Number of protein chains: 4
Amino acid sequence: MNSRSGAPARRGRPRSPERRRAILAAAAELALDGSALPTVDAIAGRAGVSRTTIYKWWPSPAAVLLEGLLDRFHASIEFDDDLPVRTALTAQVDALVGLLRDTPAGALLRRLMAASLADAATATALLDQWLEPRRHAAIRHLERGIATGAVRPGTDPALVVDLLFAPAYHRLVWGHAPLDDDLAEQVCALVWPAITT
Amino acid sequence: MNSRSGAPARRGRPRSPERRRAILAAAAELALDGSALPTVDAIAGRAGVSRTTIYKWWPSPAAVLLEGLLDRFHASIEFDDDLPVRTALTAQVDALVGLLRDTPAGALLRRLMAASLADAATATALLDQWLEPRRHAAIRHLERGIATGAVRPGTDPALVVDLLFAPAYHRLVWGHAPLDDDLAEQVCALVWPAITT
Amino acid sequence: MNSRSGAPARRGRPRSPERRRAILAAAAELALDGSALPTVDAIAGRAGVSRTTIYKWWPSPAAVLLEGLLDRFHASIEFDDDLPVRTALTAQVDALVGLLRDTPAGALLRRLMAASLADAATATALLDQWLEPRRHAAIRHLERGIATGAVRPGTDPALVVDLLFAPAYHRLVWGHAPLDDDLAEQVCALVWPAITT
Amino acid sequence: MNSRSGAPARRGRPRSPERRRAILAAAAELALDGSALPTVDAIAGRAGVSRTTIYKWWPSPAAVLLEGLLDRFHASIEFDDDLPVRTALTAQVDALVGLLRDTPAGALLRRLMAASLADAATATALLDQWLEPRRHAAIRHLERGIATGAVRPGTDPALVVDLLFAPAYHRLVWGHAPLDDDLAEQVCALVWPAITT
DNA sequence: GTCTAAACGAGACGGTACGTCGTGTCTTCGG
DNA sequence: CCGAAGACACGACGTACCGTCTCGTTTAGAC
């Protein structure tokens, strides 16, 4: 009656933000000490919340985990358009490598990728909300490079971006080699000769 | 007088090879029309075999799937040492791309990678029996190139190999771009300038 | 305003009494046409209930059966203290014989005794909830008889009660002789001379 | 052609009596430390014999146990016909009480009665080979008593025998009271007045 | 001395039931 | 309307025995 805003006049008890945060935190903690996805039961128990509440707001533990991941690591995408293209791209790859190696994001992504490979909905969400924003930011840098002449015309930006980022994800997934400190720099060095004149 | 061979004088009823094959086939079929790993129950039902028989020989559906994968696609690794290094590597990458795109191996690997990300034993098996043989075959080619002078000294073969193969796996996993026909050729073209003088 | 009773303010969905009854009935029916204890699977199937529901409320099929038995045959214990001791005891034994011969209680008890002989928990439950109440009711009658002089002092009530009831159970278990109509009367007639003056 | 005995000219390897004994012993031992019937697997393992051998000669663990029981306790039935009837019967009941209380026979019988209550074949075997011989020996004593006038005419021997033996089995099965040393004597004392003039 | 049929050992196999865990839904009450 | 508590159906788990089977090996007696 009195809600003057454009919001659709919410009635009844409002959703508790504390519980939301508790659930996201609990899910992340459980995911980190257990190689599989946490169960809804476990998250509810750890967060001190009932199972029903989780089911009401998220379709699966993977969705909870993804929301938590994006909440904590939404940054690490945007970079200054004034930087030289190679510097900007190296910095992006390096930021990713650091994130995967030094923060919980790496482990969380592993769990989420596992869920993605078995569930289409999670796959779509993860692709749209995690990979694509980063891919397109990088592609935009390359297109800028082509426009300014710093990158050779005819270069396929999408392919180059895959070449730059894939090794980091590859090592995260397979674990056959470490995510070295200078991985970003070395990968860029291997690709650059081919895309500059 | 009897069993003269080196075989350790098998006692008891011998294992049925028909059933083994039926199980491998059933697992692969089920994996291909369902995005998640098949259950032991389902495999047993489809293969016309009892659950216990499966548990006796494999620790998990993932292990069944892996054995089936290796059985069917054990080739695709070895290449002629007389070929030029670039030709040989391009052929390897191309064989992988073709395998992932045109055969069930792609879908099977997706399921197995999902299992790997959640289960350490599967991860080890998959790494040791799938990725490492292919990685090392490629690394050997590069080392040959370094030895013959075709590849610049100081090149890190392991890193280069990751650069060559990672894009294919990356696209298989994320599905954000297709496994193009000329992917192998283009990837090699992007890396080659940096490792030749 | 609401729940004024001493009940501890029950929360959550209340237990379904229909299902409880369906389970008890299904277990009894299955026990009666099969010489062994029914399996949890079978009870669940017959009752149209899930296995987990049964496991939640009972530790074993024997416990289900016992609860059903007590539900249906809780009576048959109490008798009028004003009756002469011999009349009262004969009536008790006769009620037992009739129960074992003419109602499902006989068959159910056979199954439960089988379970008792193999499982201590069932044995305790069956002893406490079936035999002991009946034994002590009979013992009380005999003690009354001793007090009033109708039964000879020095008589061991526990032993006499065993003598009175054991033949019925003996024939139920071994099946070597029928539970005759006049078994109770004849047994009492055989014991009475020894405990009266 | 020359086998002169009635035996049907046995050919091939004869059955091993050592193994038979080892199986009987193993079954008895396992039955005594475990409240349920031993499994065929367990017996085979303990006896150092293959499962197949057991299945070849016995239909079930209960049959093994019964054969072992009869082997060890075949005596305890026959008594001197010259003894007074009451003395002879008291001795029989006392022998049973002692057997059930002081030897493994008690525990073995408990297991076998459990099996009997669930399996008709076992029930028949146990009744025919254990209970009936003992019952009839006792009945014969009573009939002798009736013939000689020591027992009152019109007495039902079968019922009296049940009265005498049932309490011992009753206490073995239910465990609600101990198998006292003087149980036999007291039971006979309670029955005797009614069957003598 | 062979020959041979049965006993025996080893182990694969199809079943059935077990008891547990996690899922997702539903029901009831309280804030 | 949010949330807690908990009942419930369902499906898969991995294990334990069951009883049957198919091999190969052993062995006492018949020839």
Side-chain angles (χ1 to χ4, degrees), chain A residues 10-16 18-19 36-44 48-57 59-61, chain B residues 2-3 9-20 36-44 47-57 59-61, chain C residues 2-3 9-20 37-44 48-57 59-61, chain D residues 1-3 9-20 36-44 48-57 59-61:
Chain A
R10 304 182 295 113
R11 307 230 316 164
R13 176 172 172 179
R15 178 174 177 188
S16 158
E18 294 82 22
R19 287 176 228 266
L37 280 180
T39 69
V40 175
D41 273 318
I43 299 173
V49 144
S50 85
R51 272 172 347 109
T52 329
T53 304
I54 297 179
Y55 278 117
K56 175 161 245 170
W57 299 105
S60 68
Chain B
N2 38 16
S3 138
R10 303 180 300 107
R11 311 242 306 175
R13 177 173 174 176
R15 178 174 177 187
S16 157
E18 293 82 22
R19 287 174 229 263
R20 177 180 169 274
L37 280 179
T39 68
V40 175
D41 275 312
I43 299 173
V49 144
S50 87
R51 248 147 35 80
T52 22
T53 300
I54 297 180
Y55 279 116
K56 173 154 231 179
W57 298 104
S60 67
Chain C
N2 38 17
S3 136
R10 305 180 301 109
R11 311 242 308 175
R13 177 174 174 176
R15 178 173 177 189
S16 156
E18 292 82 22
R19 286 174 229 264
R20 176 178 170 275
L37 279 180
T39 69
V40 175
D41 275 312
I43 299 174
V49 143
S50 88
R51 249 148 33 81
T52 19
T53 300
I54 297 180
Y55 280 116
K56 171 155 232 180
W57 299 105
S60 67
Chain D
M1 205 68 76
N2 54 1
S3 152
R10 304 182 296 110
R11 306 235 315 166
R13 177 175 174 177
R15 178 174 177 189
S16 157
E18 294 82 21
R19 287 176 230 265
R20 177 178 170 275
L37 281 180
T39 69
V40 175
D41 273 316
I43 298 173
V49 144
S50 84
R51 270 170 349 107
T52 327
T53 304
I54 297 180
Y55 279 116
K56 175 159 242 170
W57 300 104
S60 68

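Each chain gets a letter, A, B and so on, in the order its sequence line appears, and its residues count up from 1. Every heavy atom of this structure was used, including side-chain atoms; hydrogens, water molecules and symmetry mates were not. All figures in this text were calculated on a predicted structure; none of them were measured in a lab.
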How long is the gap from OG1 on A:Thr53 to CD1 on A:Ile43, to the nearest 0.5 Å? 12.5 Å
[X] [atom1] - [N] [atom2] separation (whole Å):
X: B:Asp41; N: E:dT16; atom1: CG; atom2: P; answer: 13 Å
X: D:Ile54; N: E:dG11; atom1: CD1; atom2: C1'; answer: 15 Å
X: A:Glu18; N: F:dG3; atom1: CD; atom2: C1'; answer: 13 Å

Closest contact, heavy atoms only, C:Ile54 versus C:Val40: CD1-O, 4.0 Å
Which atom of B:Arg15 lies closest to which atom of B:Pro17, heavy atoms considered: O-CD, 3.2 Å
For the side chain of A:Tyr55, counting heavy atoms from C-beta on, which of F:dC18, E:dT23, E:dC18 is nearest? E:dT23
Kindly write out the residues that satisfy side-chain hydrogen bond (donor to acceptor under 3.5 Å, both in side chains) with C:Arg20, not counting sequence neighbours, or none if the list is empty. C:Glu67, C:Asp71
Need the bend value for the helix from E:dG1-F:dC31 to E:dG31-F:dC1: angle between end axes, 5 pairs each end, nearest 10°. 0°
Among all residues two or more places apart in sequence or in another chain, which pass the salt bridge (charged side-chain N to carboxylate O under 4.0 Å, His left out) test with D:Arg13? none
Restricting to salt bridge (charged side-chain N to carboxylate O under 4.0 Å, His left out), what partner residues turn up for A:Arg19, sequence neighbours left out? none
Are any protein N/O atoms closer than 3.5 Å to N/O atoms in nucleotides 4-6 of chain F? If there are, list each pair with its distance.
{"unit_1": "F:dA4", "atom_1": "OP1", "unit_2": "A:Arg19", "atom_2": "NH1", "d": "2.9"}
{"unit_1": "F:dA4", "atom_1": "OP2", "unit_2": "A:Ser50", "atom_2": "N", "d": "3.1"}
{"unit_1": "F:dA4", "atom_1": "OP2", "unit_2": "A:Ser50", "atom_2": "OG", "d": "3.2"}
{"unit_1": "F:dA4", "atom_1": "OP2", "unit_2": "A:Thr53", "atom_2": "OG1", "d": "2.5"}
{"unit_1": "F:dA5", "atom_1": "N6", "unit_2": "A:Thr52", "atom_2": "OG1", "d": "3.4"}

Assign each of B:Pro59 and C:Pro17 the nucleotide of DNA chain F bearing its closest heavy atom; nearer the 5' end lies the nucleotide of C:Pro17
D:Thr52: which residues meet the side-chain contact (heavy atoms from CB on, under 4.5 Å) condition with it, sequence neighbours left out? D:Ser50
